[in-house]
Amino acid sequence: MVSCGDMNPFDAELQRRLEALREQGLRRELRRVDSPAATRITIDGRTHLNFSSNDYLGLANHPALKEAAIRAVEQFGAGAGASRLISGSLAPFHELEETLAAFKGTEAALTFSTGYAAALGTLTALVGKEDILILDKLVHACIVDGARLCGATLRIYRHNDLNDLEEKLKWATKNRPQATSRILIVTESVFSMDGDAAPLRDLVALKERYGAWLMVDEAHATGLYGPRRRGLADTLGVSGRIEIQMGTLGKALGASGGYICGSRALVDLLINQARSFIFSTAPVPAAAAAATAAIHLVQSDTGRELQERLWARVAEFSAAAPPLSPAPPSMILPIVYGDETRALQAADTLRGQHLYVTAIRYPSVARGAARLRVTLTAAHTPDDVVKLVAALNLLTP
Ligand SMILES: *Cc1c(COP(=O)(O)O)cnc(C)c1O
C-alpha cells in the first residue's frame, strides 16, 4: 500500500476518510464475480453458493429473458441514443409499459433507468416546498434522497406504527403551509432489509381519512406475492386505492429499470416533470425487452411454479432454523448482529465455507443494526438451504 506521505493532498485526505470507515467496520469493497449472477457464483476461482441476490425467482439467467434481450439488441441496437423525449421513444419501452400496466391492473405505467431514478423523479415531480411528505422510518435510500431533493417538509413515522403515522397526519393537517398543500405518505410493502410487511389495508384507510396521497414501493414484492404475483397491494385488495405504485424491474423481474404504475394523468405528469426521466438517456432496449419477457413469464404457469418453489425454500428454512425465522412470508431473512465488525466477521466465516452472504451495515441500515441479510430464491435447491442452515447454526449470534 502507498503510504499517505507519498500521496498528493487530495488522495491523502480521501485515504484518511477511507481509513476512518474501515475503523468503524463500515468500509465497503467490490468483489469481482467471474460468472453469471446466479445461485452459484465464481469468486477468486472458487464456486460460492450465493444467498445475497434479489433475483428472487432466478429470472436473471432465464433463457426467455436472455433471448428477448438478444432479439432486442439485434432489432433495436445496443443503446437508445438519447432521452425518450428527444429522439423518439423506442417500441420496446412502450411494449414494456403496456405489459406492466396490464400486469399491475393500472391505467398506465412509466419506466425509468432504475428504481432509484423512479423514486427521485416521482417525488420531485409530485411534491415541493409547500407540501408535506411523511415517510416510514425504514424506507429505502432512494425515497429518502428524493424527499430531501424535493424540498417538502419531512416527517418520519416509527416503522409500521399506524398510531405514530396518525399523529404525523394530524400535525400535517394543522400545519399545511397553504390550503393547496398536499400530504404524501411513502412506504414499502415488503421492507428491503427486514423482510416484514407494511399494514397496507390500514394504511390506505388512514390516508383516505386524512385526504393524503399514498406511494407504495413494491421493490421486494412484485412478482412474488398473491395468486397473480402482482405484489402485496393487489394481494390485499388495495392496489386500486394507492395513487402511486412503484417498483423495480431489477429484482424478482430479473432485468433492470424502475417503474411507476398508476393513472394516465400520473404518467403524463411524470413524462413532463420527472427530471430523472427527462434528462437521462433511455435505458438499453435489451433491458426493456428482458423485463417484458419476465412479466409474461411471471404471469404464466412457470411463474406460479417459481413462486411455489421460492415459498417452499422459505418454509424449509423456517422449519430447520426456527430462531432465525423470517417475518412470514418473506424471502428476506435478516440475522441481526448489531455490531458492524461482528457482522463482517460472520460474513467472512461463511465465505470461508463458500457461502456468500453480505454483511449489511450503515448507511443501508442504522448504525448498530448491522446484520447478515440472507435471501432465498426459487433457484436454490432444498440441499442449498440445508447447507446454509448448517453453517448458520455454527455461527455464534
Ligand atoms: C433496490 C430498491 C430500490 C431501487 O431499485 P433499483 O432498480 O435497484 O434502483 C428501490 N426501493 C427499494 C425498497 C429497493 O430495495
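Read the numbers this way: they start at 1 and go in the same order the structure lists the ligands and their atoms.
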Review point. Near D44 CG, under 6.0 Å, is it more than 12 heavy atoms from other residues, nucleotides or ligands?
Key: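 No, because the 6.0 Å sphere around CG of D44 holds 12 heavy atoms or fewer from other groups.
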
Near ligand 1, at a heavy-atom separation below 4.0 Å: residues by chain and residue number: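 Answer by chain and number: T114, G115, Y116, H140, C142, E188, S192, D217, A219, H220, M246, T248, K251, G257.
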
* R367 charged N/C atom sitting above Y362 aromatic ring, 6.0 Å / 45° ->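 Judged by the rule (NZ or CZ under 6.0 Å from the ring centre, within 45° of its axis), R367 counts as positioned above Y362.
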
Tell me if the aromatic rings of [X] and [Y] count as close, with their centers under 6.0 Å from one another.
| X | Y | value |
| --- | --- | --- |
| F51 | H380 | yes |
| Y157 | W171 | no |
| H159 | F191 | yes |

With a 4.0 Å cut-off, would you call K251 and D55 a salt bridge?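 Judged by the 4.0 Å cut-off on N to carboxylate O distance, K251 and D55 do not form a salt bridge.
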
